[in-house]
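Before I ask anything, let me first share the structure, which is written out below as structure tokens.
For the single chain, residues carry numbers from 1 onward in sequence order.
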Amino acid sequence: MATILLFLGLNFWSNQLDDLHIQDVKIYNTFFAMENGKPTFYLYGKLKPTFASYSGGAFTQYNNSNGSAYGYNINKDNVQINGQQTHSPFGSKEVVFRIKSDPKHGLTLINQNIYLTDQQHHKIKLYDAHTRTQSHSLAQKDTQKGSGAKFKTNAH
């Protein structure tokens with residue numbers, strides 16, 4: 001009986017949603033793609049800790065039941081992305097964020113700095129709107145090595 005209760009307790013704890021801790025994410029690519037004539041920002045990464053699995057992406061802006069914002073927060077100059085994870089060692093480790101430009105609601109992407117953030121106020125700058133560079137883009141890293149690949153934002 002104690003084993004069953006321990007297993008149920010661990011299962012409950014491991015599936016509780018928690019803020020995505022950016023120090024736990026290894027980002028391996030970011031890029032812009034055009035979808036229906038609008039820029040869309042993608043981030044691909046992987047969770048590093050054993051007891052973590054990815055649980056939510058920034059497809060829309062929303063608030064969870066305790067009032068914390070998950071998804072993305074925007075202002076004129078910045079977009080801050082945040083997500084959720086669980087403590088389960090069996091879930092997906094792949095982290096994927098997809099944010100589509102929405103100028104009507106102030107989400108232009110190309111003209112805004114983009115950050116990955118967490119509740120502990122840590123942040124990683126993913127895209128610099130002033131220089132139009134992405135620190136984690138494979139295409140730009142290839143460009144810096146002289147491969148001839150070009151990065152285009154296709155902003156209109």
Side-chain angles (χ1 to χ4, degrees), residues 15-49 52-156:
N15 288 310
Q16 291 293 312
L17 290 178
D18 190 13
D19 181 50
L20 184 69
H21 306 277
I22 62 172
Q23 69 271 15
D24 294 345
V25 179
K26 179 177 180 3
I27 301 167
Y28 55 83
N29 196 14
T30 62
F31 62 91
F32 284 96
M34 294 299 282
E35 292 183 8
N36 298 325
K38 294 181 180 179
T40 301
F41 181 78
Y42 286 87
L43 176 148
Y44 288 93
K46 192 168 212 139
L47 283 174
K48 296 182 277 187
S53 61
Y54 178 63
S55 186
F59 292 90
T60 59
Q61 186 173 4
Y62 63 96
N63 292 323
N64 66 13
S65 59
N66 66 9
S68 299
Y70 287 96
Y72 57 84
N73 297 309
I74 57 176
N75 65 36
K76 181 179 175 244
D77 298 319
N78 299 304
V79 177
Q80 296 184 355
I81 304 169
N82 43 44
Q84 296 176 323
Q85 69 184 49
T86 66
H87 299 285
S88 172
F90 306 111
S92 174
K93 300 269 188 222
E94 296 296 317
V95 176
V96 179
F97 289 105
R98 174 185 169 267
I99 303 177
K100 193 171 194 172
S101 177
D102 185 2
K104 290 180 186 175
H105 295 98
L107 188 62
T108 61
L109 294 178
I110 299 297
N111 300 317
Q112 295 166 305
N113 298 314
I114 301 175
Y115 296 92
L116 180 62
T117 63
D118 64 20
Q119 297 273 337
Q120 290 79 31
H121 306 290
H122 300 115
K123 63 183 179 179
I124 299 172
K125 193 173 202 175
L126 303 170
Y127 173 71
D128 186 312
H130 178 69
T131 61
R132 299 211 173 199
T133 57
Q134 299 174 69
S135 57
H136 294 87
S137 173
L138 292 178
Q140 284 188 203
K141 288 180 182 173
D142 290 344
T143 301
Q144 292 169 0
K145 292 178 184 174
S147 70
K150 300 284 186 217
F151 170 72
K152 291 185 178 182
T153 58
N154 296 324
H156 296 285

- prompt: Heavy atoms, side chains only, cut-off 4.5 Å: are Gln134 and Ile114 in contact?
  reply: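 The answer is no; the side chains never approach within 4.5 Å.
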
task: Identify the two heavy atoms, one from Tyr42 and one from Arg98, that lie closest to each other, and give their separation to 0.1 Å.
output: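 Taking every non-hydrogen atom into account, OH-NE, 3.4 Å.
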
task: Measure across Lys100 and Leu107 and return the closest heavy-atom pair with its distance rounded to 0.1 Å.
output: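 Shortest heavy-atom separation between Lys100 and Leu107 comes out as O-CD2, 3.3 Å.
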
message: By the definition side chain to side chain donor-acceptor pair (under 3.5 Å), identify the one residue from Arg132, His130, Lys125 that meets it with Asp128.
response: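 For Asp128, the side chain to side chain donor-acceptor pair (under 3.5 Å) test succeeds with only one of Arg132, His130, Lys125, which is Lys125.
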
field: Leu126 side chain reached by Phe97 side chain, heavy atoms, under 4.5 Å
entry: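 A side-chain contact is absent here, since even the closest heavy-atom pair is not under 4.5 Å.
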
- prompt: Is the CG atom of Asn75 crowded by more than 12 outside heavy atoms at less than 6.0 Å?
  reply: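 Yes, because the 6.0 Å sphere around CG of Asn75 holds more than 12 heavy atoms from other groups.
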
query: What's the spacing between Phe31 CZ and His136 NE2 if we round to 0.5 Å?
result: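 Between atom CZ of Phe31 and atom NE2 of His136 there are 15.0 Å.
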
message: Using side chain to side chain contact (heavy atoms under 4.5 Å, CB included), reason through Ile81 and Phe41 one step at a time and then give a plain yes or no.
response: CA-CA 11 Å; Ile81 304 169; Phe41 181 78; 4.1 Å; yes

message: For Gly106 versus Gln112, what's the shortest heavy-atom pair and its separation?
response: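 That would be O-NE2, 2.8 Å.
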
field: Test side chain to side chain contact (heavy atoms under 4.5 Å, CB included) applied to Val96 and Leu43, step by step
entry: CA-CA 6 Å; Val96 179; Leu43 176 148; over 6 Å; no

- request: Evaluate whether atom NZ of Lys26 has more than 12 neighbouring non-hydrogen atoms of other residues, nucleotides or ligands under 6.0 angstrom away.
  value: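 Result for NZ/Lys26: open.
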
query: Taking all atoms of both residues into account, what is the closest heavy-atom pair of Ala129 and Ile110, and its distance?
result: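 For Ala129 versus Ile110, the nearest heavy atoms are CB-O, 3.7 Å.
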
query: Between the main-chain N or O of Pro103 and the side-chain N or O of Thr108, is there a donor-acceptor pair closer than 3.5 Å?
result: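 Not at all, since once roles are kept as given, no pair shorter than 3.5 Å links the two residues.
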
field: Nearest heavy-atom neighbours spanning Ser101 and Leu109
entry: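 Looking at all heavy atoms of both residues, the shortest contact is N-CD1, 3.5 Å.
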
query: Can you tell me if Thr30 uses its side chain to pair, donor with acceptor, with the backbone of Tyr127 under 3.5 Å?
result: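 Not a single qualifying donor-acceptor pair exists.
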
message: side chain to side chain contact (heavy atoms under 4.5 Å, CB included) for Lys48 and Asp24? Distances and angles first, verdict last.
response: CA-CA 5 Å; Lys48 296 182 277 187; Asp24 294 345; 5.5 Å; no

task: Might you work through the side chain to side chain contact (heavy atoms under 4.5 Å, CB included) test for Tyr28 and Leu138, ending with a clear yes or no?
output: CA-CA 8 Å; Tyr28 55 83; Leu138 292 178; 5.7 Å; no

query: Heavy atoms, side chains only, cut-off 4.5 Å: are Asn82 and Leu116 in contact?
result: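 Of all side-chain heavy-atom pairs linking Leu116 with Asn82, none is under 4.5 Å.
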
Validation row: Asp118, Gln80 side chains within 4.5 angstrom (heavy atoms):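 No - every pair of side-chain heavy atoms lies 4.5 Å or more apart.
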
